[in-house]
Peer 1: 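Below you will find the structure I want to go over with you.
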There are 2 protein chains.
Amino acid sequence: MDNNLDSFFGAMADPTRRAVIERLTRGPAPVSELHAPHDIALPSFLKHLKVLEAAGLVRSEKIGRVRTVHIEAAPLATAEAWLNRQRRGWSRRLDRLEQLAAADNDPQQKDTP
Amino acid sequence: MDNNLDSFFGAMADPTRRAVIERLTRGPAPVSELHAPHDIALPSFLKHLKVLEAAGLVRSEKIGRVRTVHIEAAPLATAEAWLNRQRRGWSRRLDRLEQLAAADNDPQQKDTP
DNA sequence: GGATTACTTAGCCATATGGATAACAATTTG
DNA sequence: CAAATTGTTATCCATATGGCTAAGTAATCC
């Protein structure tokens with residue numbers, strides 16, 4: 001793992017890595033299968049897996065010569081919660097603005113007789 | 001704006017930028033106020049604002065010599081939805097596994113008389 | 001046991017990123 | 001108008017990132 005949001009968002013900021021996550025939600029898979037759809041060299045692809053693993057998004061164990069990778073859902077939930085808090089904070093503010101606008105039918109205005 | 005998730009997650013992968021977003025959920029603010037709590041030079045900070053703006057997370061307009069920045073909530077929602085889809089896909093799979101486990105009380109097993 | 005398979009490690013390279021300083025607008029304000 | 005505010009632009013620098021090739025190592029297969 002690592003220090004939360006930094007490494008999490010960093011890990012998700014790449015299409016190859018997001019594709020891996022999307023694939024892994026349908027179940028665990030060996031490295032070779034994860035690599036197949038991506039048109040980059042294996043060592044380059046392995047770096048992406050390391051980033052995902054360092055961010056705690058993925059775990060893997062090697063059995064025989066095959067390394068099987070599976071997703072770790074918790075970090076997704078953490079980030080989702082963070083985003084949700086931000087949006088909620090924002091919309092609470094919008095609500096307050098609406099209240100202010102609604103209460104705008106009488107105060108010190110002199111040019112509407 | 002830009003091409004969605006890439007620039008969005010990239011923008012969120014930095015604590016300074018996340019702090020700016022958190023601040024902006026409490027309402028718009030001028031550049032100087034946003035910069036104040038961060039111990040980096042103004043030009044460095046401006047780069048962060050540009051990243052946020054390029055990702056469509058933030059918008060700003062300059063009036064007089066003051067530039068006021070405000071948050072743009074939609075991209076947050078988009079990313080949140082993406083994360084949610086992934087988690088839902090993942091937990092649907094878990095559900096199926098549970099069903100399999102539950103149905104494991106009678107099939108072709110010969111050693112439980 | 002030699003050949004395949006499935007990764008791993010080690011280096012190299014180009015570009016991107018996050019920070020700094022210096023110098024330059026463009027607006028207020030005294 | 002001179003001075004202070006508030007940004008903005010232009011460089012520069014060190015490190016991180018994403019890709020590559022070449023050369024291993026450790027299982028399995030024939």
Side-chain angles (χ1 to χ4, degrees), chain A residues 1-24 27-71 75, chain B residues 1-24 27-71 75:
Chain A
M1 181 96 53
D2 199 57
N3 68 310
N4 7 353
L5 294 172
D6 259 48
S7 56
F8 172 83
F9 283 121
M12 304 309 278
D14 179 285
T16 299
R17 292 194 290 257
R18 284 198 306 280
V20 168
I21 291 298
E22 288 184 331
R23 166 62 188 80
L24 288 179
V31 168
S32 50
E33 184 185 325
L34 291 173
H35 170 235
H38 303 287
D39 199 18
I40 67 180
L42 216 214
S44 311
F45 182 76
L46 281 189
K47 282 198 197 172
H48 287 299
L49 284 186
K50 291 229 181 88
V51 170
L52 288 173
E53 199 148 10
L57 274 166
V58 132
R59 208 163 290 192
S60 72
E61 53 271 339
K62 190 167 183 176
I63 175 171
R65 61 187 172 182
V66 173
R67 175 174 295 279
T68 301
V69 185
H70 62 92
I71 201 176
Chain B
M1 182 96 54
D2 198 60
N3 68 310
N4 326 355
L5 293 174
D6 258 49
S7 56
F8 172 84
F9 283 121
M12 304 308 278
D14 179 286
T16 298
R17 293 193 291 258
R18 284 198 307 280
V20 169
I21 291 298
E22 288 184 330
R23 164 64 188 79
L24 288 178
V31 168
S32 51
E33 184 184 328
L34 291 175
H35 169 233
H38 302 286
D39 198 19
I40 66 180
L42 217 213
S44 312
F45 183 76
L46 281 189
K47 281 198 198 174
H48 288 299
L49 284 186
K50 292 228 180 89
V51 170
L52 288 172
E53 199 147 13
L57 274 166
V58 132
R59 208 164 292 191
S60 71
E61 54 270 339
K62 189 167 184 175
I63 175 171
R65 61 185 171 182
V66 172
R67 177 174 294 278
T68 302
V69 185
H70 62 92
I71 200 175

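Naming: A, B, ... by sequence-line order, numbering from 1 per chain. Note that the coordinates shown come from a computational prediction; the quantities given were computed from them, not determined experimentally.
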Peer 1: Would you mind reading off the distance between A:L42 atom CG and D:dG18 atom C1', rounded to a whole angstrom?
Peer 2: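 After rounding, the gap between these two atoms is 15 Å.
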Peer 1: Closest to the A:V31 side chain: C:dT9, D:dT8, C:dC7?
Peer 2: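 The listed nucleotide nearest to A:V31's side chain is C:dC7.
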Peer 1: Using atom CG of A:D39 as one end and atom C1' of D:dC20 as the other, report the distance to the nearest whole Å.
Peer 2: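 Those two atoms, CG and C1', are 13 Å apart.
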Peer 1: Strictly below 4.0 Å, heavy-atom distances to any atom of DNA chain C: list the hits from residues 44-51 of chain B, or just say none.
Peer 2: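 Per residue number, the list reads B:S44, B:K47, B:H48.
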Peer 1: Kindly say if A:K62 contacts the phosphate of D:dA26, meaning a side-chain N or O under 4.0 Å from OP1 or OP2.
Peer 2: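 So the side chain of A:K62 is outside the cut-off, no N or O lying under 4.0 Å from OP1 or OP2 of D:dA26.
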Peer 1: Whole angstroms only, please: what is the CD-C1' distance between A:E33 and C:dC7?
Peer 2: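 The distance from CD of A:E33 to C1' of C:dC7 comes to 15 Å, rounded to the nearest Å.
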Peer 1: Let me know the distance between CG of B:D6 and C1' of C:dT17, rounded to the nearest Å.
Peer 2: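 My rounded result for the distance is 15 Å.
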Peer 1: In this structure, how many angstroms lie between the C1' atom of D:dG19 and the NE2 atom of A:H35, rounded?
Peer 2: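 Rounded to whole Å, this separation is 12 Å.
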Peer 1: What about B:R65: does its side chain form a donor-acceptor pair under 3.5 Å with the base of D:dT6?
Peer 2: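 By the distance-only test, no, there is no pair.
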Peer 1: Of the options C:dT8, D:dT6, C:dA20, whose atoms approach the side-chain atoms of B:V66 most closely?
Peer 2: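 Output: D:dT6.
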Peer 1: What is the distance, rounded to the nearest whole Å, between atom CD1 of A:I63 and atom P of C:dA6?
Peer 2: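 Roughly 15 Å, once rounded to whole Å.
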Peer 1: Could you tell me how far apart A:D14 (CG) and C:dT15 (P) are, to the nearest whole angstrom?
Peer 2: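 Going from A:D14 (CG) to C:dT15 (P), I get 18 Å.
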